[in-house]
Amino acid sequence: MMVAGSHPWNVSVQDASAIQKGLRSGLVLEDDFGEIGTVAGFDVSFSRERDLLHAAVVIIDAGTLEVLETVSASAEPTFPYVPGLLSFREGPVVELAYGKLEIRPDLLMFDGQGIAHPRGLGLASHMGLLLDRPSIGCAKSRLIGEFKEPKQKRGAMRTLSIQRKKVGVVLRSKDNTKPLFVSPGHRISVESAAEWVLRTGKGYRLPEPTRLAHIAAGRAKR
DNA sequence: GCGACAG
DNA sequence: ATCTTGTCGC
């Protein structure tokens with residue numbers, strides 16, 4: 001079995017796509033974890049006046065949803081935003097912030113796609129592989145995939161598929177609000193991914209990990 | 001050629 | 001992502 005090592009982030013748009021194709025075979029799409037005690041949420045904001053990316057990571061207790069740790073890091077963007085290549089723009093800052101953590105989270109949640117991606121390796125999958133951690137992609141909108149509108153009640157979900165293959169779910173995390181696009185990143189199944197998004201929610205559209213990371217990332221700009 | 005297109 | 005106040009609805 002090929003073991004995933006590190007790879008350069010400063011590559012061309014062409015090479016980035018090739019790197020994704022090479023990494024996808026290393027993904028584990030079934031539950032591969034023990035007891036989940038902590039969940040980390042990631043998000044990145046952008047300050048255009050200073051041309052800086054700010055990444056924030058918030059770790060919460062999986063049982064009480066209480067915040068245990070918050071860290072952030074900043075860096076100049078080295079890659080443009082290209083649909084399908086988001087990890088090459090946000091990956092560097094995310095790794096930087098992750099390195100500042102004292103707690104080693106049991107599960108990672110990202111504001112983006114997992115395997116619901118053109119080459120099967122969205123931000124959550126990519127980071128889950130590099131950090132060797134179970135990860136979930138929890139995006140606010142669709143990148144790729146077909147689905148039917150889920151019912152309006154919290155907890156309702158429909159399959160998100162790519163060429164007849166189930167790659168995730170379109171999940172209603174709150175009554176009468178736009179659904180979330182949840183797909184496994186690495187070392188977790190579609191079912192468990194959806195379950196954890198619901199389990200870490202507090203009544204807001206976004207689950208606590210990602211919601212709090214979003215606030216922290218925005219706060220990091222000031 | 002045209003439309004779609006995570007953050 | 002970001003530029004941005006109020007406003008309608010649960």
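The structure presented is a predicted model; accordingly, all values stated were derived computationally and were not measured. Every heavy atom of this structure was used, including side-chain atoms; hydrogens, water molecules and symmetry mates were not. Within every chain, numbering begins at 1; the chains are lettered A, B, ... in the order of the sequence lines, protein sequences first and strands thereafter.
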Novice: Using 4.0 Å as the upper bound for N to carboxylate O, is an ion pair formed by A:D175 and A:R154?
Specialist: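 Answer for the salt bridge query: no.
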Novice: Nearest 0.5 Å please: distance from the CG atom of A:L107 over to the OG atom of A:S192.
Specialist: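 Separation between the atoms: 9.5 Å.
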Novice: Would you mind reporting whether A:D111 and A:F42 have side-chain heavy atoms less than 4.5 Å apart?
Specialist: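 A:F42 vs A:D111: side chains apart.
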Novice: For A:Y204, look at atom OH and say whether over 12 heavy atoms of other residues, nucleotides or ligands are found less than 6.0 Å away.
Specialist: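 Counting other residues, nucleotides and ligands, OH of A:Y204 stays at 12 neighbours or fewer.
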Novice: Just verifying a value: how many Å separate A:R164 CZ and A:T159 OG1, rounded to the nearest 0.5 Å?
Specialist: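 A:R164 CZ to A:T159 OG1: 11.5 Å, rounded to 0.5 Å.
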Novice: Residues from residues 75-100 of chain A sitting under 4.0 Å of DNA chain C, heavy atoms only?
Specialist: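 The stretch gives none, as no residue of it lies under 4.0 Å from the strand.
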Novice: In plain terms, say whether A:E149 and A:R172 are close enough for a salt bridge, that is, a side-chain N and a carboxylate O under 4.0 Å apart.
Specialist: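 Here A:E149 pairs with A:R172 in a salt bridge, since their nearest N and O are under 4.0 Å apart.
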Novice: Salt bridge or not for A:R187 and A:D132, using N-O below 4.0 Å?
Specialist: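 Result for this pair is yes, salt bridge flagged.
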Novice: Quick one: label A:H214 by what it contacts on the DNA or RNA (base, sugar-phosphate, nothing), any heavy atom closer than 4.0 Å.
Specialist: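 Contact class for A:H214: sugar-phosphate only.
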Novice: Partners of A:F147 by ring pair (Phe, Tyr, Trp, His ring centres under 6.0 Å), sequence neighbours excluded?
Specialist: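 By the ring pair (Phe, Tyr, Trp, His ring centres under 6.0 Å) rule, A:F147 matches A:F181.
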Novice: Once each nucleotide of nucleotides 3-10 of chain C is scored for protein heavy atoms under 4.0 Å, what B/S/- sequence comes out, 5' to 3'?
Specialist: S-------
Novice: Dot-bracket, 5' to 3', for DNA chain C please: Watson-Crick or G-U pairs under 3.5 Å, [ ] where pairs cross earlier ones, | where the partner sits on another strand, dots elsewhere.
Specialist: ..........
Novice: To the closest 0.5 Å, what do you measure between CD1 (A:I60) and CG (A:L68)?
Specialist: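 Rounded to the nearest 0.5 Å, the CD1-CG separation comes to 8.0 Å.
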Novice: Could I get the full list of ring pair (Phe, Tyr, Trp, His ring centres under 6.0 Å) partners for A:H117, not counting sequence neighbours?
Specialist: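 Ring pair (Phe, Tyr, Trp, His ring centres under 6.0 Å) check on A:H117 returns nothing, list empty.
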Novice: Of all nucleotides in DNA chain B with an atom under 4.0 Å from a non-hydrogen atom of chain A, which is the first and which the last going 5' to 3'?
Specialist: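 The protein-touched segment is B:dA4 to B:dG7.
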Novice: Any idea how A:W9 and A:F88 line up, ring-wise: parallel (<30°), tilted (30 to 60°), or perpendicular (>60°)?
Specialist: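 A:W9 and A:F88: perpendicular rings.
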Novice: Between A:E49 and A:K221, does any side-chain N to carboxylate O distance fall below 4.0 Å?
Specialist: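 Here A:E49 does not pair with A:K221 in a salt bridge, since their nearest N and O are not under 4.0 Å apart.
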